[in-house]
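Step one of this worksheet: look at the structure below.
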Amino acid sequence: MTITSPHLGSSQAWTDAKLLYALEEVVEKELNRHLKVVKDWMPHEYVPWGDGRNFPAFFEDGEAWEPGQSKVTDVGRIALVVNLLTEDNLPSYHHEIATLFGRDGAWGTWVHRWTAEEGRHGIVMRDYLLASRAVDPDKLEEFRMAHMSEGFESDNRHSMLHSVAYVAFQELATRISHRNTGHQSGDPVCDRMLARIATDENLHMIFYRNLLGAAFELAPDLTMQAVRDVVVNFRMPGHGMPGFERAAAQMAIGGIYNLRIHHDDVLAPVLRFLKVMEIKDLGPEGQKAQEELGLYLNGLDAEARKFDERLAARAARLAARKG
């Protein structure tokens, strides 16, 4: 790494600028690794264009949207809208990370490459939804305008280190949400499309996870505090969209994203890979953050267990009614 002076291990020594400089070589290494393994793909190849037909307004043969025109399940439809509206805010995300990470050198190359790859996701999802008539196109556009007009400000915009920690978890959360949406969609075409998107998201997670690991080596105390803060206060980037709370609840019940999935499939894998709870030789603040992180995870696991029990009870009630 560029900076190896032991005097820079203290909390007082590190600034965002110094961390950006110190991590530049790691970013370059991870960028080169990413470019070797990532596969380019064509969004239009995943869209069922043959299912498409005109909507009314300017076309005499236009057909109004009806829910029954698509095989996508109700929970799949809800999740697809949430996932697409999240992707729609890409201009705001780009602005955030370009401001934090910069537009020059390896950092800048990564920022632009990440944005280009994420852009495909919104393109293919919207084309799929319109061609397959999976959602009401008028409502989708109304939601897009409302969500994008609000813009997006990250909870972690104050700190480059917090932002790296956040995206290490958020990219995996997005991958899981897309993958589970595909599984629950009821449409093999949708499942295949979202699996392709999820592959990208997983590679993005690996990039940020490895970068976070390097930050632990450089500034373990500060990085532990950042991880603690991010995990305890984690919110998905789409939290500000219209009707998000209700949609999130329906996605939780539908098994797309809930407390158990968040704990077991998002937080635990990243923390386990980086061996965060096993890190030794931390200063007082780092030790405190590590302990608080452990307590929070235990509490989250307990809450997830209660959610699992409520979900099982709900399933039993529904089965009894059908019986």
Side-chain angles (χ1 to χ4, degrees), residues 1-38 93 96-115 117-118 154 156-175 200-232 234 266-283 285-287 289-290 293:
M1 295 179 185
T2 307
I3 296 178
T4 57
S5 170
H7 300 295
L8 291 174
S10 67
S11 298
Q12 292 76 20
W14 286 112
T15 63
D16 272 7
K18 287 179 179 177
L19 279 168
L20 283 166
Y21 180 68
L23 291 169
E24 178 90 22
E25 291 179 14
V26 181
V27 172
E28 184 175 4
K29 174 187 172 184
E30 290 303 316
L31 173 62
N32 289 335
R33 180 199 54 76
H34 177 82
L35 294 176
K36 285 180 181 178
V37 298
V38 71
Y93 307 148
E96 290 260 342
I97 65 171
T99 301
L100 280 166
F101 300 157
R103 295 173 173 82
D104 300 319
W107 280 105
T109 302
W110 167 253
V111 166
H112 295 304
R113 175 71 194 196
W114 175 88
T115 302
E117 291 182 10
E118 288 287 345
S154 168
N156 304 288
R157 61 189 178 279
H158 63 287
S159 161
M160 184 278 289
L161 196 52
H162 281 70
S163 296
V164 169
Y166 174 74
V167 290
F169 295 105
Q170 181 265 319
E171 292 284 1
L172 182 53
T174 303
R175 170 191 178 271
D200 281 358
E201 302 289 9
N202 196 59
L203 291 176
H204 298 164
M205 179 276 294
I206 292 171
F207 178 95
Y208 287 118
R209 183 196 64 190
N210 292 351
L211 192 58
L212 185 61
F216 265 116
E217 294 181 16
L218 282 173
D221 287 336
L222 281 179
T223 306
M224 186 67 73
Q225 292 172 70
V227 168
R228 184 253 341 253
D229 294 345
V230 163
V231 169
V232 169
F234 186 87
V266 176
L267 299 182
V270 174
L271 295 172
R272 185 168 54 246
F273 181 89
L274 296 176
K275 299 181 179 178
V276 170
M277 304 310 297
E278 301 172 29
I279 294 175
K280 309 294 184 185
D281 301 323
L282 293 165
E285 291 300 314
Q287 288 179 359
Q290 189 180 50
L293 178 61

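Treat the numbers as computed from the prediction; the structure is a model and nothing was measured.
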Aromatic rings Trp110 and His34: how do their planes relate, parallel, tilted or perpendicular, breaks at 30° and 60°? perpendicular

Nearest heavy-atom neighbours spanning Val230 and Ala165: CG2-CB, 4.0 Å

How about Val27 and Phe101: do any of their side-chain heavy atoms sit closer than 4.5 Å? no

Taking only residues two or more places apart in sequence, or in another chain, which ones meet Phe216 in a ring pair (Phe, Tyr, Trp, His ring centres under 6.0 Å)? none

Can you list the residues that meet the side chain to side chain donor-acceptor pair (under 3.5 Å) rule with Gln290, with sequence neighbours excluded? none

Show the nearest heavy-atom pair for residues Ala173 and Val266, with the distance to one decimal. CA-CG2, 3.8 Å

Heavy-atom check, side chain of Glu171 versus side chain of Trp114, under 4.5 Å: yes

Which pairs would a plain distance check flag for residues 269-278, meaning a side-chain donor or acceptor within less than 3.5 Å of a matching protein atom at least two apart in sequence or in another chain?
none

State the CG-CG distance between Leu293 and Asp229, to the nearest 0.5 angstrom. 10.0 Å

Looking at OG1 of Thr15 and CG of Leu222, how far apart are the two atoms once the value is rounded to the nearest 0.5 Å? 10.5 Å

Does Arg209 have any side chain to side chain donor-acceptor pair (under 3.5 Å) partners at least two apart in sequence or in another chain, and if so, which? none

Would you give the length of the straight line joining atom CG of Leu172 to atom CE of Met205, rounded to the nearest 0.5 angstrom? 5.0 Å

List in chain and number order the residues that pass side chain to side chain donor-acceptor pair (under 3.5 Å) with Thr223, two or more places apart in sequence or in another chain; answer none if no residue qualifies. none

Ring pair (Phe, Tyr, Trp, His ring centres under 6.0 Å) against Tyr166, all qualifying residues, sequence neighbours excluded: Phe234

Under the salt bridge (charged side-chain N to carboxylate O under 4.0 Å, His left out) test, which residues partner Asp200, sequence neighbours left out? Arg196

Minimal heavy-atom distance between Glu30 and Asn210, with the atoms involved, is OE1-ND2, 3.0 Å

Residue pairs meeting salt bridge (Lys or Arg N to Asp or Glu O under 4.0 Å), one or both in residues 96-109, sequence neighbours left out, come to none

Heavy-atom check, side chain of Thr174 versus side chain of His204, under 4.5 Å: no

At their closest point, which heavy atom of Leu100 faces which heavy atom of Ser159, and how far apart are they? CD2-C, 4.2 Å

Beyond-backbone contact of Leu212 with Val227, side-chain heavy atoms, under 4.5 angstrom: yes

Write down the atom of Ala215, the atom of Leu23, and the distance for their closest heavy-atom approach. N-CD2, 4.1 Å

pair Leu203-Glu117: side-chain heavy atoms closer than 4.5 Å: no

Looking at Asp16 and Met160, would you say the former's side chain and the latter's main chain have a donor-acceptor pair under 3.5 Å? yes

Looking at every non-hydrogen atom in both residues, tell me the closest pair between Val111 and Gly102 and how far apart they are. CG2-O, 3.9 Å

With sequence neighbours excluded, residues passing side chain to side chain donor-acceptor pair (under 3.5 Å) with Trp107: none

Given 3.5 Å as the limit, does a donor-acceptor pair link the side chain of Gln287 with the main chain of Leu282, or not? yes

With sequence neighbours left out, what residues match Glu118 under salt bridge (charged side-chain N to carboxylate O under 4.0 Å, His left out)? none

Only counting residues at least two apart or in another chain, list the ones meeting side-chain contact (heavy atoms from CB on, under 4.5 Å) with Glu28. Asn32, Ala106

